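Structure record follows, encoded as structure tokens.
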There are 2 protein chains.
Amino acid sequence: MLEGLGLPASPPAAASTSVAGSSGPAACSPPSPSAPRSPESPVPRRGGVRASVPQKLAETLSSQYGLIVFVAGLLLLLAWAVHAAGVGKSDLLCFLTALMLLQLLWMLWYVGRSSAHRRLFRLKDTHAGAGWLRGSITLFAVITIVLGCLKIGYFIGFSECLSATEGVFPVMHAVHTLLQVYFLWGHAKDIIQSFKTLERFGVIHSVFTNLLLWANGVLNESKHQLNEHKERLITLGFGNITTVLDDHTPQCNCTPPTLCTAISHGIYYLYPFNIEYQILASTMLYVLWKNIGRKVDSHQHQKMQFKSDGVMVGTVLGLTALAATIAVVVVYLIHIGRSKTKSESALIMFYLYAITLLMLMGAAGLAGIRIYRIEEKSLDESKNPARKLDSDLLVGTASGSWLISWGSILAILCAEDHPRYTWYNLPYSILVMVEKYIQNLFIIESIHREPEKLSEDIRTLRVVTVCNGKPVASSCLKSGGVAGDVAPRGRDMPPAAEGNVCMREGCGKEEEKQEESSWGGSPSPVRLPRFLQGNAKRKVLRNIAAFLFLCNISLWIPPAFGCRPEYDNGLEEIVFGFEPWIIVVNLAMPFSIFYRMHAAASLFEVYCNI
Amino acid sequence: MLEGLGLPASPPAAASTSVAGSSGPAACSPPSPSAPRSPESPVPRRGGVRASVPQKLAETLSSQYGLIVFVAGLLLLLAWAVHAAGVGKSDLLCFLTALMLLQLLWMLWYVGRSSAHRRLFRLKDTHAGAGWLRGSITLFAVITIVLGCLKIGYFIGFSECLSATEGVFPVMHAVHTLLQVYFLWGHAKDIIQSFKTLERFGVIHSVFTNLLLWANGVLNESKHQLNEHKERLITLGFGNITTVLDDHTPQCNCTPPTLCTAISHGIYYLYPFNIEYQILASTMLYVLWKNIGRKVDSHQHQKMQFKSDGVMVGTVLGLTALAATIAVVVVYLIHIGRSKTKSESALIMFYLYAITLLMLMGAAGLAGIRIYRIEEKSLDESKNPARKLDSDLLVGTASGSWLISWGSILAILCAEDHPRYTWYNLPYSILVMVEKYIQNLFIIESIHREPEKLSEDIRTLRVVTVCNGKPVASSCLKSGGVAGDVAPRGRDMPPAAEGNVCMREGCGKEEEKQEESSWGGSPSPVRLPRFLQGNAKRKVLRNIAAFLFLCNISLWIPPAFGCRPEYDNGLEEIVFGFEPWIIVVNLAMPFSIFYRMHAAASLFEVYCNI
């Protein structure tokens with residue numbers, strides 16, 4: 001089919017791209033490698049445009065293929081979840097194994113190809129696949145492989161009554177994880193220019209394979225949580241709810257019974273990490289997909305530095321929150337479901353803890369935004385798939401928990417009788433919404449700001465690169481540059497006035513425009529209170545980021561490891577009915593959990609860039 | 001809160017924008033108003049960049065606000081759908097009425113403001129709010145208002161036992177519809193530059209209000225379809241399925257009973273149009289939202305022309321399909337649910353009809369893509385929110401029907417016994433997937449192509465505008481322009497060679513870049529077979545577009561008016577269980593229906609542009 005559509009192979013395009021990028025005429029000074037990207041990087045276009053017909057088509061071809069595969073997988077998952085007649089777990093596992101195998105073959109082909117063509121100049125997106133991202137994915141991958149080993153052990157124990165697929169799947173999954181981490185370490189930053197169609201298909205296949213593995217993990221985890229919840233529920237006095245356990249324990253005995261119980265318990269403690277691994281891998285692969293055929297200049301991304309000085313307050317507060325969380329979770333899990341009183345006290349404790357933490361986080365976020373507002377500064381709005389995905393994911397996945405929160409609020413407002421502990425649910429639910437709203441604003445503004453230290457260098461470089469090295473431009477450089485740098489520009493001074501200095505000097509329209517885009521947003525004279533200037537301001541922001549980072553890790557733990565007051569308080573289930581509410585929570589919770597981990601990751605990046 | 005975040009009001013920015021656009025120095029020739037946009041329009045940046053801090057923030061602020069409102073509405077809808085304790089229809093209608101009132105006030109404010117400032121130069125996005133879009137929205141709006149009148153009649157008839165909200169809602173909805181259509185006629189193309197924050201909030205509020213009204217319409221329609229389906233189901237012999245009717249008929253008698261029955265029947269025939277109206281309105285408003293604060297040049301969009309000559313074959317075939325569809329739908333609705341044999345024959349008839357139609361459509365789409373492939377031509381990849389939304393919606397909403405199709409395929413493969421008619425379901429489901437895959441490729445490629453007639457003018461204009469009117473540039477214009485226009489450029493000639501002509505003439509780097517982006521993609525010499533050249537090719541493509549347009553209208557009718565073989569064949573319900581399958585169909589079907597109408601709209605645009 002692809003040949004039928006006449007998609008031309010495009011290595012020549014890649015070659016001409018690098019040629020165009022390096023062989024500018026002597027008269028035109030080539031853009032400095034570390035020049036800031038203008039919103040639309042105007043570098044090698046020629047090769048790109050030439051290849052654009054197959055590229056747009058390949059994009060649609062592959063995204064549709066990916067969606068069709070994904071939808072098929074979702075249906076198999078649904079079929080398994082609802083015990084559809086004739087569709088079992090082994091069908092699902094077969095399908096997933098086949099997808100992984102296909103991805104494995106593609107990755108081998110890709111890795112082989114690129115090591116064979118190592119001498120070719122390869123473009124990289126310096127924003128994609130950051131070091132900390134690869135680090136955390138490796139950590140999660142290790143735990144995923146441990147999980148795989150446990151599953152293999154489980155299969156061996158129950159081998160009499162389990163189908164072979166349940167043994168093949170974890171083996172394949174472990175191999176897949178290993179190779180994928182290797183692949184992401186080596187190629188997450190690639191900007192693929194050659195063989196775009198086959199590579200697009202491979203990458204999108206990988207994205208959706210990982211998403212399906214994520215959905216599979218989520219479903220397993222949800223089933224487990226639901227069973228635990230049903231067991232607990234009766235003790236809280238809500239007896240009129242269906243409590244049929246949806247258990248998939250095999251029908252035969254395991255040889256060393258204690259070991260088998262330990263393994264099946266261990267598996268559920270490791271699932272949250274596996275879930276994070278899959279979603280992280282799919283986001284990294286998605287960025288790789290978005291980068292295929294992209295045109296970037298070779299702008300050198302500033303290496304992120306992790307500095308730990310001067311963030312004592314934020315770190316200590318954050319670590320305290322983390323310690324408190326662990327204590328709360330342990331107490332919660334011990335108390336919940338033992339008796340009605342114990343459950344209620346556990347719920348009240350959890351709500352009080354969460355309300356305190358969320359208020360602190362909201363205040364910290366507001367303080368951060370306030371600092372940004374005082375010091376007005378333009379944002380970097382250049383094209384950057386990794387960053388756009390980050391922002392979209394933050395807002396999109398927050399919606400999951402907004403759904404649950406609205407459900408709780410509605411339930412509290414409409415319920416007929418209110419046990420005391422349910423009232424704590426109201427401020428908690430409201431704060432969950434408000435805190436995410438504020439935090440998203442803070443993170444999105446932070447990741448769109450250019451790193452502080454760069455700005456000076458950037459302005460100098462801009463002056464040099466903007467004027468194209470023409471003789472007439474040097475006067476423009478002096479007057480425009482000096483006007484902007486030395487004389488403090490009033491904030492209310494109409495920006496047109498600055499440009500005119502340059503325009504009167506006879507610079508071409510093009511240069512003027514470039515200047516507007518790069519200088520119009522240069523930091524206006526900082527009007528921060530003295531204690532918030534320069535290094536001190538940076539320290540405050542870094543403390544906020546560190547605190548929020550640790551708090552988000554803290555808030556990831558309770559839902560990931562089974563503290564789910566949305567289940568346990570029972571109020572929503574009475575108002576909405578058991579089944580509908582369970583469906584809502586099971587659909588929204590994975591996004592809510594992912595939100596915390598993703599926010600933590602983004603805050604780590606923010607911290608390093610401040 | 002907005003003030004707290006220090007968002008500055010931005011009229012000065014807007015003013016400076018227009019100043020910058022018009023008062024360039026004499027030395028620099030201002031960009032021609034009809035110059036084609038380069039991928040990154042380099043026009044008024046100053047105002048834009050200065051306002052970018054609040055803009056990025058306002059974007060996040062408003063999108064999060066919109067999502068929170070939307071999620072709250074969804075939960076109220078869910079609560080009503082599952083008969084949550086304490087949440088009734090009147091709560092939902094109150095909420096929707098309040099949202100509409102708020103939007104009404106905002107629209108009045110906006111319309112008042114813009115007529116007061118009419119003399120200000122206002123930017124327009126010529127791609128947004130096309131004429132045919134406004135035409136069709138008016139048509140649907142008229143039907144929506146008729147629906148409102150019927151609802152008011154229904155309320156008067158049952159006024160004894162209905163709450164006042166059920167009377168207020170349709171009145172408010174009619175007023176809202178009227179004003180909104182007026183608003184969209186006048187302002188759909190606006191590119192809002194001033195008061196961005198308040199306007200962002202207003203527009204996003206409108207988007208999500210319309211989406212909630214859409215969801216409300218869909219839910220009403222689904223409930224109705226589900227009830228009809230349950231009544232029919234027993235006749236097909238699937239008796240073991242729960243058949244509790246979810247009816248919301250009021251508990252009192254209507255004064256003229258025959259009139260009341262007629263009204264409540266009429267209401268359900270008008271719902272599909274209301275649903276289309278709401279979703280169309282929300283897409284137009286979304287484009288308006290995406291356009292806020294955008295920087296565009298005043299590129300004059302070519303006026304679309306509707307020409308009907310030479311599309312006899314496509315039109316006749318399409319109209320035949322339309323007539324056949326209406327006949328099939330009528331027969332289907334009469335036969336289905338009467339007896340088991342009649343139901344089966346109706347299903348077989350429907351499948352045979354749909355298989356034939358889908359095969360023809362797939363073939364037509366493939367032919368169209370093939371023609372595009374033969375004549376290689378670059379695509380217009382400039383920024384265009386309206387077009388991007390179109391593409392995303394096509395692929396996204398197609399996923400809805402892919403989900404249903406996979407469900408059918410899985411059910412056929414896994415079911416234990418297969419009545420004869422179920423086998424027709426297999427090719428039908430596969431063809432639904434394949435046809436949408438092909439059609440999306442065809443439409444997306446079509447809407448990314450520049451209109452045929454323009455290309456010559458565009459190239460001339462580009463030559464004129466690109467070189468900035470400098471003396472040195474005139475030689476560049478001659479050499480570069482002539483090289484490109486007169487001498488036929490070989491397809492395999494490295495594109496760098498052309499650029500060098502200009503570069504050697506001493507043009508600045510900027511101009512060279514501009515040229516690359518605009519000329520690199522100029523049509524290479526056409527290599528079509530003789531019968532597919534020029535006008536003949538255009539005719540073939542136009543026939544294809546006309547045929548596909550009418551076929552999509554045809555395929556919109558059956559699901560919108562109650563032909564739902566996914567319900568009626570009963571096989572999927574046996575495999576997945578009644579409840580899960582009903583949930584899947586009810587979630588996916590609205591997107592599937594919307595897909596057809598949206599594809600028809602896109603194909604109409606394609607037709608006019610060929």
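In this text the structure is predicted, and so the values were computed from the model without any measurement. Numbers restart at 1 for each chain; the letters A, B, ... are given by sequence-line order, proteins then strands.
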> Which heavy atom of A:C414 sits nearest a heavy atom of A:V575, and at what distance?
Replying inline: CB-CG1, 4.5 Å
>> Quick check on A:F70 against chain B: is it the side chain, the backbone, both or neither that has a heavy atom closer than 4.5 Å?
In response: neither
> Looking at B:A72, B:G86, B:A79, which one has more heavy-atom pairs under 4.5 Å with chain A than the rest?
Replying inline: B:A72
> Between A:G577, A:G407, A:A411, which residue shows the highest count of heavy-atom pairs closer than 4.5 Å to chain B?
Replying inline: A:G407
> By a 4.5 Å heavy-atom criterion (distance strictly below it), what part of B:L75 contacts chain A: side chain, backbone, both, or neither?
Replying inline: both
>> Looking only at heavy atoms and a cut-off of under 4.5 Å, which of A:L67, A:V395, A:I68 has the most pairs with chain B?
In response: A:I68
>> So for A:L410, is it side chain, backbone, both, or neither that comes closer than 4.5 Å to the heavy atoms of chain B?
In response: side chain
>> Pair A:E445, A:R373 - check side-chain contact (heavy atoms from CB on, under 4.5 Å), show working.
In response: CA-CA 10 Å; A:E445 176 145 12; A:R373 280 309 91 238; 2.4 Å; yes
>> I'd like to know which of B:V71, B:I409, B:D91 tops the heavy-atom pair count under 4.5 Å against chain A.
In response: B:V71
> NE2/A:H448 to CG/B:L57 distance, rounded to the nearest 0.5 angstrom?
Replying inline: 11.0 Å
> How long is the gap from CH2 on A:W581 to CG on B:L78, to the nearest 0.5 Å?
Replying inline: 9.0 Å
> Less than 6.0 Å separating the ring centroids of A:Y437 and B:Y65?
Replying inline: no
> When rounded to the nearest 0.5 angstrom, what distance separates CD in B:E59 from CG in A:L441?
Replying inline: 11.5 Å
